[in-house]
Amino acid sequence: MMKTLLDNAVISIQIGVEDHTSDDPRRVLSAVRNISAGVLLLFKERLRQLSPAGSDEVLIKQNIRPSRDTSDNISFVGSGAKTVDVQQIKERFKDLNIKTDWARVDAIVKVRNAIEHYASSETESRVKELIADTFVVVRAFVSEELDLEADVLLGEDTWNIMLKVSGVYEAQRAECLAELEKLPWWSPGMARTASFLRCTHCESELIKPQYIKESLSGDERIICMECGDGMGLDQIIPYALDECFSADHYWSVSRGGKPALEECGECGTDTYITEDNICVLCGNPHQYTECVRCSQDLSGEEQGLDGFCSYCHHLATKDD
């Protein structure tokens, strides 16, 4: 068992890279499945290594049960054949202080899910993105957590292909981001959202503006460098906005703070960035940010209440 997980991880990544180099378009899905599976197997191998002896590799098992020996010592052992899923791996890594680049890992899983649900001929860019993210994750994790050399573990041929694909992709990505940064964004939050923009057709992040104007209107033409499709900025920014601010939104709201995103009082979409007081679609701020009576934060839905929150407006109209 000691070498099985690690061997399977290596084989999965090697086959996935081999699938990617094939001219057969049917092997695209196989490339994604194998590469993403290989990364998760590497993670499970680390958990297996840290599992106490005699625990039936407890840290990689979904189900854990207590056990008591003849001296009344309590321990926990693995139960059943099911192993941990991505969320459980995250939780156990956090508890055990095991480090990895979860932003890239989440991107890997996202690419796999997207391609499996929306398989089509234009998924080449998504595989390139997956390999680029995998390269960074594997290089760091194998070295820092498994104390091995990634190029030796995966083999020179596989590693050189990953290095080449990753290098080309990252160069293209940097070029696209540099062009997007030239746009005269309305606010810091909107500029931050730029790195989350994706093509509506092939889901590639290799997109850039067709033209750079002096002022932003929201309907700028964005071109995908992978599939050649064009789209308006207003078509892709709402989804990117949600991706960009989802963590901030959850963190703030769960602690009783302001939501990171709200409904815009002008256009009615959930694209108003609270910290910037601006809607990224129409460019309009909220006229009122606090209730003139009680200083309560005002939402987009309350913009038409002449500066009052819903409660104070109710009281004011009731008095009338």
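We use all heavy atoms of the structure for the numbers below, so side chains are in, but hydrogens, waters and symmetry mates are not.
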With a 4.5 Å heavy-atom cut-off, do [X] and [Y] have their side chains touching?
X: L153; Y: W159; result: no
X: P238; Y: L281; result: yes
X: L42; Y: L6; result: yes
X: V127; Y: V28; result: yes
X: P52; Y: V58; result: yes
X: D101; Y: F141; result: no
X: T274; Y: Y272; result: yes
X: L50; Y: R92; result: no

Is it the case that one hydrophobic cluster holds both [X] and [Y], taking links as side-chain heavy atoms less than 4.5 Å apart, direct or via other members?
X: I273; Y: W251; value: no
X: F196; Y: L241; value: no
X: I223; Y: Y239; value: no
X: I212; Y: L206; value: no
X: V105; Y: V84; value: yes

Once you round to the nearest 0.5 Å, how far does [atom1] of [X] lie from [atom2] of [Y]?
X: L5; Y: E57; atom1: CG; atom2: CD; result: 7.0 Å
X: E205; Y: S195; atom1: CD; atom2: OG; result: 8.5 Å
X: F93; Y: L47; atom1: CZ; atom2: CG; result: 5.0 Å
X: I207; Y: E226; atom1: CD1; atom2: CD; result: 12.0 Å
X: I108; Y: W102; atom1: CD1; atom2: CH2; result: 9.5 Å
X: K99; Y: R46; atom1: NZ; atom2: CZ; result: 13.0 Å

Charged N-O contact under 4.0 Å between [X] and [Y]:
X: K94; Y: E91; result: no
X: D106; Y: K90; result: yes
X: R173; Y: E170; result: no

Heavy atoms of other groups near [X] [atom1], more than 12 under 6.0 Å:
X: E156; atom1: CD; answer: no
X: D95; atom1: CG; answer: yes
X: M231; atom1: CE; answer: yes

Checklist entry - Should the pair R192 and F245 be classed as cation-pi, given the thresholds of under 6.0 Å to the six-membered ring centre and 45° from the axis? => result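 Yes, a cation-pi geometry holds between R192 and F245.
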Item to check | E18 and Q14 side chains, donor-acceptor separation under 3.5 Å | outcome: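 Per modelled atom types, Q14 and E18 side chains form no pair under 3.5 Å.
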Where do [X] and [Y] come nearest, in terms of heavy atoms and distance?
X: H20; Y: V165; answer: NE2-CG2, 4.0 Å
X: L183; Y: Y211; answer: CD2-O, 4.2 Å
X: L180; Y: K208; answer: CD2-CA, 4.3 Å
X: D276; Y: G189; answer: OD2-N, 2.7 Å
X: R104; Y: V137; answer: CB-CG2, 3.7 Å
X: T269; Y: C279; answer: OG1-SG, 4.3 Å

Checklist entry - Can you tell which of L233, I222, L177 makes a side-chain contact (heavy atoms from CB on, under 4.5 Å) with L197? => result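 By the side-chain contact (heavy atoms from CB on, under 4.5 Å) criterion, L197 pairs with just one of L233, I222, L177: L233.
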Next on the checklist: Please determine whether side-chain contact (heavy atoms from CB on, under 4.5 Å) holds for the pair L154 and V17, giving the CA-CA distance in whole Å, both sets of side-chain angles, and the decisive distance to 0.1 Å.
Outcome noted: CA-CA 11 Å; L154 294 178; V17 172; over 6 Å; no
Next on the checklist: Run the side-chain contact (heavy atoms from CB on, under 4.5 Å) test on Y169 and I131 for me, step by step, so that the C-alpha distance in whole Å, both residues' side-chain angles and the decisive distance to 0.1 Å come before the verdict.
Outcome noted: CA-CA 9 Å; Y169 188 87; I131 291 178; over 6 Å; no
Donor-acceptor check, side chain of [X] to backbone of [Y], threshold 3.5 angstrom: yes or no?
X: R48; Y: I60; value: no
X: S12; Y: N8; value: yes
X: S36; Y: R33; value: yes
X: E179; Y: C176; value: no

Checklist entry - Run the side-chain contact (heavy atoms from CB on, under 4.5 Å) check on W185 and V280 step by step: do they pass? => result CA-CA 9 Å; W185 301 107; V280 298; over 6 Å; no
Item to check | Verdict with supporting geometry, I13 and N34, side-chain contact (heavy atoms from CB on, under 4.5 Å) | outcome: CA-CA 6 Å; I13 294 174; N34 280 308; over 6 Å; no
